Amino acid sequence: MSAEVRITVGEEVRTVASGTSVRDVLDGKLGRDIIAARVDGKLVDLSRPLERSATVEPVSASSSEGLDVIRHSTAHLMAQAVQALYPGTQVTIGPTIEDGFFYDFAPSRPFTVEDLPKIEQKMRELAKADLKVERVELARDEAIALFERMGEKYKVEILQGIPDERVSIYRQGDWLDLCRGPHVPSTGYLCAFKLTSVAGAYWRGDERNAMLSRIYGTAFADKEALQEHLAMLELARQRDHRKIGREMGLFLFDPISPGQPFYLPKGMIIFNLLVEYMRRLYRRYGFNEVITPQIFKNELFHVSGHWENFRDNMFLTPDPEDREARVDTGPEGWRVGYGVKPMNCPGHTFIYRAEKRSYRDLPLRIAEFSRLHRAERSGVLHGLTRVRVMSQDDAHIFCAEEQIEDEVAMNLTMVREVYSALGFTEPEFKLATRPEQHLGTEAQWRTSEEKLASALRRNLIQFEINPGEGAFYGPKIEIYVPDALKRKWQVATIQLDYNLPERFDLKYTTSAGSEARPVMIHRAILGSLERFIGVLLEHTGGVLPFWLAPEQVRVLSLSEKTESYARELTELLSKLGFRAHADVRNEKLGFKVREAELAKVPFMVVVGEREAAARQVSLRLLRGSKSEVMSVEELVARAQAEPLPS
RNA sequence: GCCGAUGUAGCUCAAAGGUAGAGCAACUGACUUGUAAUCAGUAGGUUGCGAGUUCGAUUCUCGCCAUCGGCUCCA
C-alpha cells in the first residue's frame with residue numbers, strides 16, 4: 001500500500017502522497033505562465049493527480065508545447081462561444097495547426113466573416129468569467145451515450161472509432177467536449193486570440209461527405225506575441241508574388257484565360273535564365289533535351305493510363321476533321337479525340353521505343369521544357385504557384401533496376417546544387433511511400449522505397465516519411481520550399497515508375513542477351529517554372545540575385561547635360577552582356593532612385609557632371625544607403641564579379 | 001467543383017436607390033535637378049457580365065464570370 005511516490009522536479013527529488021496533483025508538486029514554481037506539465041515526457045494538465053513515481057517538468061505558455069495547449073484551449077473556448085450563440089450547431093474536430101487552430105462545425109447555416117466579431121466577443125466574456133477547465137474520465141460507452149443525448153452525432157462517430165475503453169472529456173462551465181487534452185487550468189488563461197477566417201471543409205476531408213463550416217483563429221501566450229504575429233502576416237502580404245509580379249511588371253493574369261499567366265518581357269527574362277541555367281546543368285549531368293508533341297490522340301493517354309486516372313484534369317479537343325466536332329469523354333472517348341498533354345512522360349516513351357535499346361543505352365536521360373496543360377479545378381488556382389499551364393524542368397530517366405539508386409542519388413546531388421545556388425538553404429525532403437491503391441507487390445515496394453532512402457542517405461539528406469503518399473505506380477521523393485506565409489509548396493520531385501514501362505512495353509537487351517524491362521524515373525528539380533518563380537519571388541521579396549534580375553543596371557542621368565554620357569554607358573554595359581537601361585527622363589534624382597528601388601534594379605549608376613568630366617560613375621546598390629564613386633572600368637569589374645551559378 | 005468573401009479609372013482605395021471621387025500612374029507644360037516622390041494643367045469609368053424589381057439601379061434580388069481565404073487535388 002505504498003501511498004507515496006517519488007517525484008523529480010529539476011534537481012529536486014521529493015516524496016509526496018500518491019494522488020497529489022501536478023499543481024501541488026510544482027507549487028512555488030507556479031507562475032501564471034505555467035499552464036501545463038510534462039510527466040515522464042507526457043503532456044498533462046496541472047490538475048492531473050500523480051499516482052506513480054515520475055519526473056515532472058513545468059510547461060510555460062510561451063514554449064512551443066505551451067502554445068499548442070493555449071491554442072487548443074482557445075479552440076475549445078471558440079466552440080463554447082459558438083454553441084452558446086448558435087444553439088443547434090454541432091461540433092466536430094478542432095485541432096491546432098502551424099500558426100493557430102481551427103474548429104469545424106456543422107451549423108444550421110454556414111458562418112461568414114461577419115459572425116467572427118460576435119464570436120470573439122463571446123469568447124472574451126467566457127475568458128473573463130475564468131471558468132475552471134476540468135478533465136473527467138469516463139467509459140467510452142458512457143461518453144457515446146452522453147454525446148448521443150446531446151445530439152452530437154459527429155462526436156459519437158469519433159468515439160466509435162476510438163479503440164480505448166476509457167476516454168476523457170473536458171468541461172468548462174456548462175459546456176463540455178470530447179478531448180485528449182491537456183488544457184489550461186481555466187479560461188482566464190486565454191487572453192490573446194483572434195479569429196482570422198472562415199472556410200468550408202469536408203467532414204474527414206472527403207468531398208463525398210458533408211461540407212462543414214470551419215473557423216480559423218490564432219492564439220498566443222500574450223498580446224504582444226499576437227500583435228507580432230499579425231504584423232508578420234501583414235509583412236508577408238507585401239511579399240505576395242502576385243503583388244510583386246504586378247509591381248515589377250513580370251507577368252499578368254486575365255479572366256480571358258484563368259490560371260494561365262501572360263509572361264511580360266521582364267518575367268520572360270527570369271523564365272529564360274532559369275531554363276538556361278538548367279540547360280548548363282544538363283550538359284554536365286548527361287541529360288538530352290527534346291521537344292515532343294503538345295497534343296496527342298487520346299489513344300496515347302488510354303495506353304498510359306491518363307485517360308482513366310487524369311482525364312478530368314485534361315484539356316480535351318475533338319478531332320478537327322470530325323464534322324460533329326464534339327468532345328466525347330465517355331468510355332469510348334479515347335477513340336475519337338485529342339488531348340493536350342498534362343505530362344511529358346507518355347511522349348518520352350516513344351523516343352525510347354524509337355530504337356531497339358540495350359543495356360549500353362542506359363541510363364537514358366530525356367529532358368523537356370514543353371508547356372503542360374492541366375485543367376485544374378477553378379477553386380484551386382493561385383497566382384503562379386497553382387496554374388493551368390506550366391513548364392517543368394522535366395526529365396525521364398530510363399534505367400535498369402540496379403541503376404536506380406545511383407540515378408536517384410545523382411539527381412539528389414543536382415537538387416542540392418540547384419537549391420543552394422538559388423538561395424534556398426533548407427528545402428524539406430520527404431519520402432512518399434506505398435499508398436493504399438498500388439501496383440506491384442509489397443516486397444517490390446519495400447525494395448524501391450529502400451533504394452530511395454538509401455540514395456537520400458548517400459547525400460546526407462535528412463528526410464521525413466510521407467506515409468501512403470506515393471504514386472500508385474511507385475514511391476517518390478518530394479522536395480518542398482516555403483512561401484512568404486510559410487505555406488509549403490512542393491517543387492522538386494523524383495518518382496520511381498514501374499508502370500509506364502509495362503504499359504508501353506518498353507524493353508532493353510541485357511549484357512547476357514536476354515530481354516528486360518527498364519524502370520522510369522520521373523524527376524523535376526525546379527518543378528514547374530511558374531511555381532518556382534512564384535516561390536522565388538516570395539523568398540526574395542523580388543530582390544533577385546544579380547544574374548537573375550530582369551534589369552541589372554540602370555543608369556540615372558542627373559540632368560540633360562549628362563544624358564549622352566548615360567546613354568554611352570548603357571550601350572557599353574549592354575555590349576558587355578548586361579541588361580542595362582538608361583533613365584534620362586526629366587526628373588529629379590531622388591525620384592529616379594525611388595523608381596529604380598521599386599523596380600528592384602541591383603545596380604544604380606548615377607552620372608552627374610562631376611562624373612561625366614572624370615569618366616567616372618557613382619554606384620548605388622539596391623537597398624543600399626551609400627553610393628560609391630568609381631571609374632567605368634571598376635564598375636564593369638564590379639558587375640562582372642557578381643556571382644553566377646555554374 | 002464545394003464553403004465563405006470580394007469585384008468602382010492602369011494601380012491603391014472613397015462615395016451613394018436620383019446617371020461616381022481622391023492619390024499614384026498616363027498625357028501636356030514649366031522647372032535642369034546629387035541618391036526613395038518638383039509644381040501646374042489635361043484626359044481617363046455604361047461601377048466584372050447578364051437578367052429581374054423599380055418612375056429610376058452602379059447600389060436591392062437572382063444567375064454567370066473572375067479573384068481572394070480555405071476544403072479537395074497537386075508541380
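Sequence lines set the chain letters: A, B, ... in the order given, protein chains first and strands last, and positions in each chain run from 1. Because the structure is a prediction, the values reported are computed rather than measured.
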Separation of the [atom1] atoms in [N] and [M], to the nearest angstrom:
N	M	atom1	result
B/G17	B/U54	C1'	9 Å
B/A15	B/U8	P	14 Å
B/C49	B/A57	P	15 Å
B/C74	B/A37	C1'	43 Å
B/C24	B/U61	P	36 Å
B/G18	B/A9	C1'	23 Å
B/A43	B/G1	P	43 Å
B/G70	B/A40	P	43 Å

[X] has an atom [atom1]; how far is it from atom [atom2] of [N], in whole Å?
X	N	atom1	atom2	result
A/W489	B/C73	CH2	C1'	11 Å
A/M211	B/G69	CE	P	17 Å
A/E560	B/U32	CD	C1'	7 Å
A/D115	B/A5	CG	P	9 Å
A/R585	B/G29	CZ	P	16 Å
A/L212	B/C71	CG	C1'	10 Å
A/D312	B/G1	CG	P	12 Å
A/N313	B/A75	CG	P	11 Å

Consider the side chain of [X], meaning its heavy atoms from C-beta on, and name the nucleotide among [options] that approaches it most closely.
X	options	answer
A/V198	B/A75, B/G4, B/G34	B/G4
A/T493	B/A75, B/C71, B/U35	B/A75
A/S528	B/U35, B/A75, B/C71	B/A75
A/L558	B/U35, B/G34, B/G70	B/G34
A/V387	B/A36, B/A75, B/U38	B/A75
A/R386	B/C74, B/C3, B/A36	B/C74
A/P110	B/G34, B/C3, B/A75	B/C3
A/Y216	B/A75, B/G34, B/C71	B/C71
A/L381	B/U67, B/C71, B/A75	B/U67
A/T112	B/G4, B/U32, B/C71	B/G4

Which nucleotide, if any, forms a Watson-Crick or G-U wobble pair with [N], using both distances under 3.5 Å?
N	result
B/C71	B/G1
B/A9	none
B/U61	B/A51
B/C31	none

Give [X] one of three labels, base, sugar-phosphate or nothing, depending on what nucleic acid heavy atoms sit under 4.0 Å from its own.
X	answer
A/S618	base
A/G624	nothing
A/Y202	base
A/A199	base
A/K592	nothing
A/F532	nothing

Give a yes-or-no answer on whether the side chains of [X] and [Y] include a donor-acceptor pair shorter than 3.5 Å.
X	Y	result
A/T292	A/E368	yes
A/K600	A/T540	no
A/T413	A/N459	yes
A/E611	A/Y565	no

**Asked** Within 45° of the six-membered ring axis of A/F220 and under 6.0 Å from that ring's centre, is NZ or CZ of A/R71 located there?
**Response**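 Yes.
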**Request:** Identify whether NZ of Lys or CZ of Arg in A/R523 sits under 6.0 Å from the centre of the six-membered ring of A/F287 and within 45° of that ring's axis.
**Result:**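 Relative to the ring axis of A/F287, which defines the angle, A/R523 lies inside both limits.
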Can you tell me if the side-chain N/O atoms of [X] get under 4.0 Å from OP1 or OP2 in [N]?
X	N	result
A/K588	B/C39	no
A/H382	B/G70	no
A/S378	B/G1	yes
A/R620	B/A36	yes
A/R242	B/C68	yes
A/Q490	B/C74	no
A/R388	B/C74	no
A/R246	B/U12	yes

**Prompt:** Which residue, A/E587 or A/L526, contacts RNA chain B at a nucleotide closer to its 5' end, judged by nearest heavy atom?
**Reply:**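 Nearest nucleotide further toward 5': that of A/E587.
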**Request:** Could you check A/S257 against A/Q495 and say which one's nearest nucleotide on RNA chain B is further toward the 5' end?
**Result:**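 Nearest-nucleotide comparison on RNA chain B picks A/S257.
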**Request:** State, to 0.1 Å, how close A/E568 and A/R615 come at their nearest heavy-atom pair, and which atoms those are.
**Result:**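 For A/E568 and A/R615, the tightest heavy-atom pair comes out as OE2-NH2, 2.7 Å.
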**Asked** If you look at every heavy atom in A/N411 and A/I525, which pair is closest and at what distance?
**Response**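 Of all heavy-atom pairs spanning A/N411 and A/I525, the closest is O-CD1, 4.3 Å.
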**Prompt:** Given the side-chain rings of A/H72 and A/F101, with only the six-membered ring counted for Trp, is the space between their centroids under 6.0 Å?
**Reply:**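 Between A/H72 and A/F101, the centre distance exceeds or equals 6.0 Å.
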Spell out yes or no: do the side chain of [X] and the base of [N] have one donor N/O and one acceptor N/O closer than 3.5 Å?
X	N	answer
A/S625	B/U35	no
A/E376	B/A75	yes
A/E609	B/G34	no

**Message:** Against A/F532, only a single residue in A/F424, A/Y277, A/W489 fulfils ring-ring contact (aromatic ring centres under 6.0 Å, His included); can you say which?
**Reply:**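 Output: one option passes, namely A/F424.
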